[in-house]
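Beneath this line is the structure, given in C-alpha cells, with notes to follow.
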Amino acid sequence: MDLTDDPDRPTAVPLSQRAVAARPAPYLEGLNPAQRAAVEVLDGPVLMLAGAGTGKTRALTTRIAHLLMLGRARPGQLLAVTFTNKAAREMKTRIARLLGDTVEGMPWLGTFHSISVKILRRHAEMIGRDGLHLKPSFTILDTDDQIRLLKQLIQAENIDEKRWPARQLAHLIDGWKNRCIGPGSLPRGEGEAFDGHGGKLYAAYQDRLLTLNAVDFGDLLMHCVTLFQAHPDVLRQWQERFRYILVDEYQDTNVAQYMWLRLLAQAHRNICCVGDDDQSIYGWRGAEVGNILRFEKDFPGAEVIRLEQNYRSTPQILGAASGLIAANQGRLGKTLWTDAEPGEPVRLIGHWDSEAEARWIGEEIEAFQGGHRAALGRVGLDDIAILVRASHQMRAFEDRFMTIGLPYRVIGGPRFYERQEIRDAMAYFRLVVSPDDDLAFERIVNTPKRGLGDKALQTIQHAARQNGVNLLEGARIVVEEKQLGGKGLANLRDFVGLIGRSHMAVRDGVGHVELAERVLDESGYTTMWQTDKSPDAPGRLDNLKELVKALEEFENLQGFLEHVSLVMDRDDGEQTEQVSIMTLHGAKGLEFPVVFLPGWEDGLFPNQRAMDEQGTKGLEEERRLAYVGITRAERLATITFAGNRRLYGQWQSALPSRFIDELPEEHVEVLTPPGLYGGGYGAAMAMAGGTRMEERVQKADVYNSPGWKRMQARAADRRGPVHRTPVTIDAAPASRFTVGDRVLHAKFGEGQIIGIAEETLTVQFEAGFKNIKAAYVQPAGGGDDVPF
DNA sequence: AAATTCTAACTTTTT
DNA sequence: GTTAGAATTT
C-alpha cells in the first residue's frame with residue numbers, strides 16, 4: 001500500500017487558479033467550458049450536476065481518461081461506480097476509445113455490488129461471528145433463493161405464512177439492508193412487524209446465510225460497511241488504494257451505498273459524484289435524493305459544477321420538460337438550454353380509449369415509415385420508443401403492432417439469467433461445482449420430475465441433518481439405506497450418480513462445455529423441454545443452447561458462475577429495426593429521436609398508489625418520471641392519454657394527467673384525434689383548423705379549462721354512471737355497498753369504500769388502497785362522513 | 001405425486 | 001385478464 005499522497009494538500013482549488021493540463025489533450029477538444037471544468041478540477045470533492053442530455057457520461061469518462069493521462073493515478077487506483085452493468089460496460093468502452101486502447105482496463109470500474117464482492121472476497125473471514133463466518137468462496141443468493149430460504153425459516157418458526165408471505169419479508173429485509181440497519185438495530189415498528197418475530201427471524205436468516213456460506217444482494221453492501229466500521233485498518237487500506245472515486249447517477253444512491261462511499265472517500269476526498277436531482281426516480285427502492293442535496297455539507301469545500309447545455313433535445317422539448325419539473329419543490333435548480341433549432345412542439349392528443357391510443361400511435365409510426373415527416377429527417381423504427389408508466393400498458397401496443405405487423409421489441413422483460421430454464425441449468429452447474437449448495441440441490445432434485453416430492457425431500461433433509469452433511473450427501477445416504485421406495489429411489493440413485501460422476505469429470509479435467517452438455521442431457525433436463533408441448537418450450541431450448549455457448553468464453557464452470565451472479569444481462573444482437581417499448585424507469589439514460597408517452601391519466605400517471613403511499617413526495621417522484629420521459633426525446637415527443645382504459649378486465653375512466661396541465665402551453669400543440677365519437681371533447685377539438693392561431697385558441701379554451709374536463713366527463717357519462725373518485729370505476733355498484741361505506745376485512749381491518757366495480761370494491765385501508773371482492777368484507781359500523 | 005380447479009391479488013426494478 | 005399460489009381432485 002503506498003502512502004505517497006501529501007496529507008496537507010488543499011482539498012479544493014478555486015476554479016481560477018486551477019492548473020490546466022500542460023499540453024492540450026486531443027480528447028479535451030470540443031468540450032464546453034462547464035464540461036471542461038468538470039474534467040479538469042482534479043482534486044477535492046466535486047459534485048457534477050448534470051441535467052438530462054448534457055453529456056454527463058462524456059464528462060465523467062473524459063475525467064477518468066484525463067486523470068490517467070496526467071498520471072494522477074494508475075488504473076487500479078481509480079474507483080468508478082455505476083448502478084448497472086450496462087453503464088459500467090459503456091464507460092469502459094468509452095474510456096478505452098479516449099485513450100486509444102493503450103491502458104489496461106480498470107479493475108475497479110463496476111457496479112456497487114460487483115466492487116463490493118471483490119472487496120468482500122478478500123476479507124470474508126472477518127464477516128460473521130465467532131465460529132460462524134464467511135469463506136472467500138461465498139455464493140451470492142438471488143431473490144429466488146432468498147425467498148425459498150425465508151419460506152423454510154417461516155415454517156420452522158411457525159409463523160403464519162398467509163399473514164407474512166416470504167416475498168414480503170424478503171422485501172422488508174431488503175429495505176433494512178438498503179438502510180444499513182443491522183440485526184441489532186431494527187426499527188421498532190418494522191422489527192415487530194412479523195408478530196414480534198421480525199428481529200428473531202432476521203437473525204435466524206443471517207445465521208442461515210452464514211452456514212450456507214452465502215450472502216444476498218443487500219448483504220454485499222452492508223457487509224462492506226460493517227467491515228469498514230469494525231476494522232479501521234482494513235478501511236484504511238482501501239481508502240488509500242482508491243485515490244479518485246467517481247460515482248455515476250448519484251441521485252439514486254441509498255443509505256448503504258452512501259455510507260460505503262463516504263467511508264471510502266474520507267482519506268483522499270477526491271470524490272466526484274455525478275447526478276441529476278430531477279431524475280431521481282428510484283425513491284421507492286430506497287434511493288435518497290437527500291444524498292445529492294446534502295453533498296456540499298458532507299464534503300465541505302466541494303466544487304459544484306452544473307452542466308446545463310443540453311445536446312439532446314430541441315428547445316421545444318426542453319421547454320416543455322423544464323416547465324413541468326419546475327412544479328417540484330426543493331430542487332437544486334438547473335436551467336437547461338440549447339442552441340439547437342427550435343423543432344416541433346410537444347404534441348398532445350387524447351383518445352377515447354386505450355385501444356384507440358394504441359391504434360393511433362401505430363398509424364403515426366407507419367406514417368414515419370412512409371416518410372411523411374420530412375422535417376424530422378429519416379426516422380427508422382430503431383429511432384422510435386414508446387415509454388409507459390406501468391408494464392401492463394405494453395400489452396395494448398404489442399397486440400396492435402402484432403396485428404399490423406410492425407416490428408417491436410419489449411425492453412425490460414425477464415432477463416436472460418432470470419429465466420426459469422437458465423436458472424435450473426445454472427443450479428445443475430452449481431451443484432457440480434460445489435456439492436454444498438443445498439439450495440441448488442433443492443431446486444433441481446425434482447426437476448425434471450423424478451417422483452421426489454415434499455415427502456422425499458423431507459427424508460433427505462432428515463438424513464442430512466442426522467449425519468451433519470449436505471443434502472447431496474444426505475441423498476446418497478437415503479439411497480444406500482433405501483429409505484425411499486419404488487421409482488423415487490431409483491431416480492434419486494440416478495441423480496446422485498450423475499452428480500457424482502460429474503464431480504469426477506471435473507477432477508479428470510473434462511472440458512466444462514462438454515460437461516455442461518452432458519449434465520443437462522443425462523439429467524433429462526433437455527428432454528423435459530423437448531417433450532414439453534407449451535408454445536415457449538422451443539424458445540427455452542434455444543436459451544439453453546445459448547447458455548452453453550456462453551460457457552465457451554470462460555475457463556471453467558466456476559468462473560462462469562462467478563460472472564453470472566453479478567452480470568444479469570445479455571445483449572441479443574437484434575438485426576431488424578424495431579420500435580422499442582419500455583417503461584419510463586427502463587428508459588433512464590437512453591435517448592430516442594422520436595418518443596411516444598402514452599397513458600397520461602391521473603391515477604395511472606401520476607400513479608395513484610405512489611401518491612397514496614408517499615403523498616407529495618410520491619407525486620414529485622412521478623413528476624420527475626414525467627420529466628425523464630420527455631427528455632428522452634431528441635426531436636419529437638408525443639404525449640397521449642385515453643379517457644377509458646381497461647384495467648384488470650374492467651373498463652375504467654379517468655381524467656387527463658395533472659401533468660398535462662403543468663406543461664407550458666407555448667411548447668405544446670394539441671392534436672385532433674381521428675374518428676370522433678360524436679360529441680364530447682372530440683367535437684370541440686374538431687373545430688380546430690390547421691393554423692397555429694386556431695390551435696392556440698382551442699388549446700386555451702379546451703385543454704386548459706375546467707370546461708374541457710367537464711366535456712370529457714360528459715362524454716364518458718353517456719356510457720354509464722361514473723364515480724369521480726381518484727380512480728373512477730365505470731359500473732353499477734355492488735348491491736350491498738355504496739361508495740363511502742365503511743367495511744371490515746379480515747387482514748386489512750377497517751376501511752372505506754372509494755370505488756365499486758361490480759363485485760370488486762376499491763377500499764381505502766390504513767395500509768393503503770386495495771381492490772377486494774365484496775364477498776371478503778363485512779359492513780362495519782358506519783356513520784363516518786365521506787370525504788368525497 | 002401430478003393434474004386440475006380455485007382464489008385473490010395486481011407500480012416502477014437493479015444487483 | 002392474467003398470474004402465481006393454494007386447495008382440491010385424480
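Throughout, a chain's letter reflects where its sequence line sits, starting with A, and its residues are numbered from 1.
Taking a centre distance below 5.5 Å and an interplanar angle below 30 degrees as the stacking criterion, A:Y282 does not stack against the six-membered base ring of B:dT12. For the pair A:Y648 and B:dC10, the ring geometry qualifies as stacking, because the centroid separation is below 5.5 Å while the planes lie within an angle under 30°.
Side-chain atoms of A:Y525 and A:E421 form no donor-acceptor pair, as typed in the model, at a separation below 3.5 Å.
Atom pair A:L619:CG and B:dT12:P shows a separation of 19 Å (rounding to whole Å applied). B:dC10 atom P lies 13 Å from atom NE2 of A:H171, rounded to whole Å. Put simply, CD on A:Q420 is 10 Å from P on C:dA4, counting in whole angstrom units. Atom CD1 of A:I115 and atom C1' of B:dT15 are 13 Å apart (whole Å). The distance between atom NZ of A:K151 and atom P of C:dA6, rounded to the nearest whole Å, is 6 Å. The separation between A:H392 atom NE2 and B:dA9 atom P is 18 Å, rounded to whole Å. Following rounding to the nearest Å, A:I147 (CD1) and C:dA4 (C1') show an atom-to-atom distance of 12 Å.
The shortest distance between the side-chain N/O atoms of A:R167 and the OP1/OP2 oxygens of C:dG5 is below 4.0 Å. Note on A:T143: every side-chain N or O is 4.0 Å or more away from OP1 and OP2 of B:dT15. Between A:N607 and B:dT12, a side-chain N or O to OP1/OP2 separation shorter than 4.0 Å is absent. Contact annotation: A:R285 side-chain N/O to B:dT15 OP1/OP2 distance is not under 4.0 Å.
Among the protein residues, A:R389 comes within range of the nucleic acid bases, having at least one heavy atom under 4.0 Å from a base atom. Using a 4.0 Å heavy-atom distance criterion, A:S391 is classed as a sugar-phosphate-only contact. Using a 4.0 Å heavy-atom cutoff across all strands shown, A:N446 reaches sugar-phosphate atoms only and no base atom.
In textbook terms, a nucleotide whose glycosidic angle is within 90° of 0 is syn, while B:dT12, being further out, is anti.
Here A:D145 pairs with A:R430 in a salt bridge; the nearest charged N to carboxylate O distance falls below 4.0 Å.
Nearest to the side chain of A:R395, among B:dT11, C:dT2, B:dT12, sits C:dT2. Set against B:dA2, B:dT15, B:dT13, the side chain of A:H585 has B:dT13 as its closest nucleotide. Across B:dA2, B:dA1, B:dT13, the shortest atom-to-atom separation from the side chain of A:T583 is found for B:dT13. Checking B:dT13, B:dT15, B:dA1 against every side-chain atom of A:H113, the shortest atom distance belongs to B:dT15.
Checked against ring pair (Phe, Tyr, Trp, His ring centres under 6.0 Å), A:H585 has the following partners two or more places apart in sequence or in another chain: A:Y282, A:W284.
Formation of a donor-acceptor pair under 3.5 Å by the A:Q257 side chain with backbone atoms of A:N254 is found in this model.
For the C1' atom pair drawn from C:dG5 and B:dT12, the interatomic distance equals 23 Å after rounding to whole Å.
Sequence order on DNA chain B of the closest nucleotides to A:R450 and A:I281 puts A:R450 first from the 5' end.
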Let's go through A:Q152 and A:E442 carefully: what are the C-alpha distance in whole Å and the side-chain angles of both, what is the deciding distance for side-chain contact (heavy atoms from CB on, under 4.5 Å) to 0.1 Å, and is it a yes or a no? CA-CA 12 Å; A:Q152 291 172 7; A:E442 276 177 44; 2.7 Å; yes
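The only option from A:F641, A:Y627, A:F605 that meets the ring-ring contact (aromatic ring centres under 6.0 Å, His included) definition with A:F659 turns out to be A:F605.
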